[in-house]
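The model shown is predicted, which means the values in this text are computed figures rather than measured ones.
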Amino acid sequence: MHGEYTVATADENCTVGASEVYAVSPFTLFRVSGGEDAGLLQITLSPEILQRAEWREKQQISCYLTRNSLNDSIAREVRRRCAAVFRLYFQQTDQPELMRQAVELAALLRREFAAVESARPEESINALKLLESALKIIHTNWKQAISLSEAAAQLYVSESYLSRLFKKYLGRTFTKYLVELRLTHAAADLEKGTSVTDTAYRNGFKSDNSFIDFFKKAYGCTPGKYRQQIKQTADTAAASREDVTDWLQELLQYADGGEVQKPGAVRTVRKRVRLGAAGEGELIRQSWHHTVNIGYARDGLIGSVQAQLRRAQREIGFTYLHFHGIFDDDMRIYQEHEDGSPWFNFAYADLLFDFIQEIGLIPHIELGFVPLHLAKNDKTLFDNPNIHICMYNNPEKWQALIQASLSHWIDKYGLSNVRQWRFTVFSMNYVEMTPQAMTLEEYCEMFETVYRTLKTIDPELKLGGGGCFPSIALDENGLLRFLREMQEHGCLPDFITLQCYPHENIVQDMEFLHFSANQMSIPSILSKDRDFTLHFLLKIRELLAKNGWDTMPVVVEEWNSTLWQRDLSSDTCYKAAWLVKNALQSYDRADSLGYWLLTDFIDEWLVPGGVFHGGYGLFTMGGIPKAGYQVLRLLNRIGERRVDAGEGWFVSRTDSTIQVYLYHYCHYDALYRYRYQKLTNPHDAYKVFENSGNLKIELELCGLDAGVYREESWTIDRTNGSTFDKWMEMGAPGVMTPEDIAYLNDSAQPLCRIRDTDTAGVMRIEAELKPHEVRLVVLKKRDS
């Protein structure tokens, strides 16, 4: 897929480059090697597949497809079959089709590339089977002391015979092969930072000295020197490395243009719902309306962002506004005289907070990042040079900055007002992401300094922490360790802050980590758990309860379906189905669910051109609302109390008005969760989800007062309420005039249908929902 690999067998060596294919016959030992910038996909066809493809046991093939064969129809068909097998394997939803494609690939190779001398001697096959068994013994026990005599005894053959097999087919002795395998694993351990001594004993070497001798002969330097070189070049390599998702396009370009999967069957959900009295049922906490996010404090001074905030407040209505970077250099709060003494300038901050107060929002202020004058180092994760994520270099000046800021805001806006504000320190995720910039001990020191400064000014000021990703929040050495340390120091946060993005544990997915390491976001794999938000919040509540913190408020500052800032699914009506599903599943599990982000404008990375680019926002850069924004408007119609809920539906009521939310959520497929498809074509935006047919929901509402009901039905799908799909319908123009934007704003509204329904006390609600479709049905009894 990228770079070059050498494939070596007993008979030949071949150099395989991008888009080239080399097929190895059964019972042929081979070895592959490539440089650091090389990427190769290996597909192994099982004996069952070969048997179904009518592959004889002794069948041999000769298949090496170079780039010169790209226009050959047979060569293209081989590549197409490989691409289909790859996609189906990672989609994991159609095993019969995967088997069919694999059998077709095997049959194609047998039919078109059979070698003239195809009969391999029976003796050779038996020898290779024996050698395969010997290799299994080595690869299973390489950490232990294992010898040629012990392996031969297990296989019931003589040492000399087994030794000859190694030399004949592998070109090396048993011992040399074992040492090379141990050295490969040892090099991987050294790259992770493991000490030389630990590496030696973990990989089966008898002593440090013997390990060092073997390693120096193989790698040309000592293990210690190798580890040092890896550490020094890690940052440079990460910065210069190409996005490996592009490598896979060498394969996926040969896949069929349409989706590999066949349309799924219609599923039906039936439920009888008894409404009960108007005052019955659990009160609904509209936690998804508590917090709205903009990226950075400076963004809040941009006219288009302010216009979007005004509209969101008018049509949805939020309580808190959360943002990063109040102390970033572009806000100009912290300044120093020539002698190094601090002075403060709140001109830009005043403009921001005046606006926030004017539109009826309450600030949720992240006290960060660190101004350059106070930064212990000048590292930044992002393109913006004003963002410094590190420890301060002077605790007295940092404390003075906090004290001056709080005193100014109290003087300007009043103590009773500022007591309603939320304060946090920036996320402790950065401790895990950039340990060279800040340690956990430094982070705890910073939090304690802020805590004591705030409480000295006024004990009722509220400070939260520590803003963790799920895998850090649930780790014993993550959020829990932070909270325990703060409790020991008498600085326990007033509320917990979290960032809920559905990722797998990075350690568990280490083998796939390099495939998502360049996503302009934390490298991680999206979770396969369709109910990730609910399950994560349940685990957090359990963790807090076990430690006596069960009454502590839980504030999810940031919440989204993806970690990737360039994810086209964020522009589609998928986001509407995700939002309504997760909001209605988890509304009572957190005090606040702060959707990240209001607008696609976020000043961390260079903002790309184009109308839709897969940004986090509910609005595009040009202020065009997406389907996610429209569904939050529908959620404004939620009733006061929950009646009942199930797969794809939720019923609530307020007095005589009943609300029925219906949704068809389809999760990312496995291929996209591992980020193997980097989407640049907007026409591919809906090709990244599990293959689901339509969802038919039949609800029977019982216990209604008899009479005539006004029935409103609001629908968001790929035809209605999705500006992305309307934009695609326009021809996906790259440049939008003001008239084009006005057209999108006006035309991409949810579909509304209204009718009167007469009932004697029972009403049936039936709907067949397409993937990603959301529907709200509002029933209100008309006056008699």
Do [X] and [Y] make a side-chain contact, defined as non-hydrogen atoms from C-beta onward lying under 4.5 Å apart?
X	Y	value
Met730	Asp740	yes
Tyr663	Leu695	no
Glu282	Glu640	no
Val708	Thr757	no
Leu479	Ile472	no
Ile49	Ser46	yes
Leu701	Ile765	yes
Ile697	Glu766	no

Would you compute the distance between atom [atom1] of [X] and atom [atom2] of [Y] and round it to the nearest 0.5 angstrom?
X	Y	atom1	atom2	value
Thr759	Lys781	OG1	NZ	10.0 Å
Arg81	Arg76	CZ	CZ	14.0 Å
Arg285	Leu593	CZ	CG	9.5 Å

Looking at [X] and [Y], would you say the former's side chain and the latter's main chain have a donor-acceptor pair under 3.5 Å?
X	Y	result
Asp591	Val554	yes
Asn582	Trp578	yes
Asp717	Asn720	yes
Arg653	Asp655	yes
Ser747	Tyr743	yes
Gln630	Ala627	no
Ser586	Arg589	no
Arg641	Gly279	yes
Asp600	Gly617	yes

Hey, is [X] close enough to [Y] for a salt bridge, meaning N to O under 4.0 Å?
X	Y	value
Glu97	Arg87	no
Arg710	Asp756	no
Arg764	Glu698	yes
Glu542	Lys539	no
Lys696	Glu768	no
Asp571	Lys626	yes
Glu711	Arg753	no

Side chains of [X] and [Y]: do they bring a donor and an acceptor to under 3.5 Å?
X	Y	value
Gln659	Ser652	yes
Gln308	Arg311	no
Glu557	Asn293	no
His664	Asn694	no

Quick check: Phe689 with His772 (ring centres under 6.0 Å apart)?
yes

Establish, yes or no, whether a centroid distance under 6.0 Å links the rings of Tyr595 and Trp288.
no

Going through the distances and angles, do Asn429 and Gln499 end up as a side chain to side chain donor-acceptor pair (under 3.5 Å)?
CA-CA 9 Å; Asn429 288 331; Gln499 296 180 7; 3.0 Å; yes

Verify the neighbour count for atom [atom1] of [X]: are there more than 12 heavy atoms of other residues, nucleotides or ligands below 6.0 Å?
X	atom1	result
Glu54	CD	no
Trp714	CH2	no
Glu315	CD	yes

Taking every non-hydrogen atom, the tightest pair across [X] and [Y]:
X	Y	value
Leu776	Leu634	CD2-O, 3.8 Å
Leu498	Ala473	CD2-CB, 4.0 Å
Ala685	Phe724	CB-CZ, 3.8 Å
Ala106	Leu50	CB-CD2, 4.0 Å
Ile294	Leu597	C-CD1, 3.5 Å
Val631	Ile716	N-CD1, 3.6 Å

Among Tyr668, Tyr686, Tyr672, Tyr574, which residue meets the side chain to side chain donor-acceptor pair (under 3.5 Å) test with Ser569?
Tyr668

For Leu704 and Ile658, what are the C-alpha separation, side-chain angles and deciding distance, and is it a side-chain contact (heavy atoms from CB on, under 4.5 Å)?
CA-CA 10 Å; Leu704 287 166; Ile658 294 99; 3.6 Å; yes

List the steps and the verdict of side-chain contact (heavy atoms from CB on, under 4.5 Å) for Leu769 and Arg775.
CA-CA 8 Å; Leu769 307 179; Arg775 192 172 300 183; 4.0 Å; yes

Worked check of side chain to side chain donor-acceptor pair (under 3.5 Å) between Thr291 and Ser592
CA-CA 6 Å; Thr291 303; Ser592 177; 2.6 Å; yes

For [X] and [Y], take the angle between the two ring planes, folded into 0 to 90°, and tell me which bin it lands in: parallel under 30, tilted 30 to 60, perpendicular over 60.
X	Y	value
Trp596	Tyr616	perpendicular
His503	Phe469	perpendicular
Phe318	His289	perpendicular
His667	Tyr665	tilted
Tyr587	Phe650	perpendicular

Pair Tyr661-Trp649, ring-ring contact (aromatic ring centres under 6.0 Å, His included): steps then yes or no
CA-CA 5 Å; Tyr661 288 89; Trp649 60 274; over 10 Å; no

Between Ser570 and Lys575, does a side chain to side chain donor-acceptor pair (under 3.5 Å) hold up when you go through it step by step?
CA-CA 6 Å; Ser570 294; Lys575 192 52 67 77; 3.2 Å; yes

Check step by step if side-chain contact (heavy atoms from CB on, under 4.5 Å) holds for Glu647 and Arg267.
CA-CA 11 Å; Glu647 180 190 359; Arg267 292 186 297 119; 2.6 Å; yes

Show the numbers, then the answer: is there a side-chain contact (heavy atoms from CB on, under 4.5 Å) between Leu105 and Val103?
CA-CA 5 Å; Leu105 174 60; Val103 170; over 6 Å; no

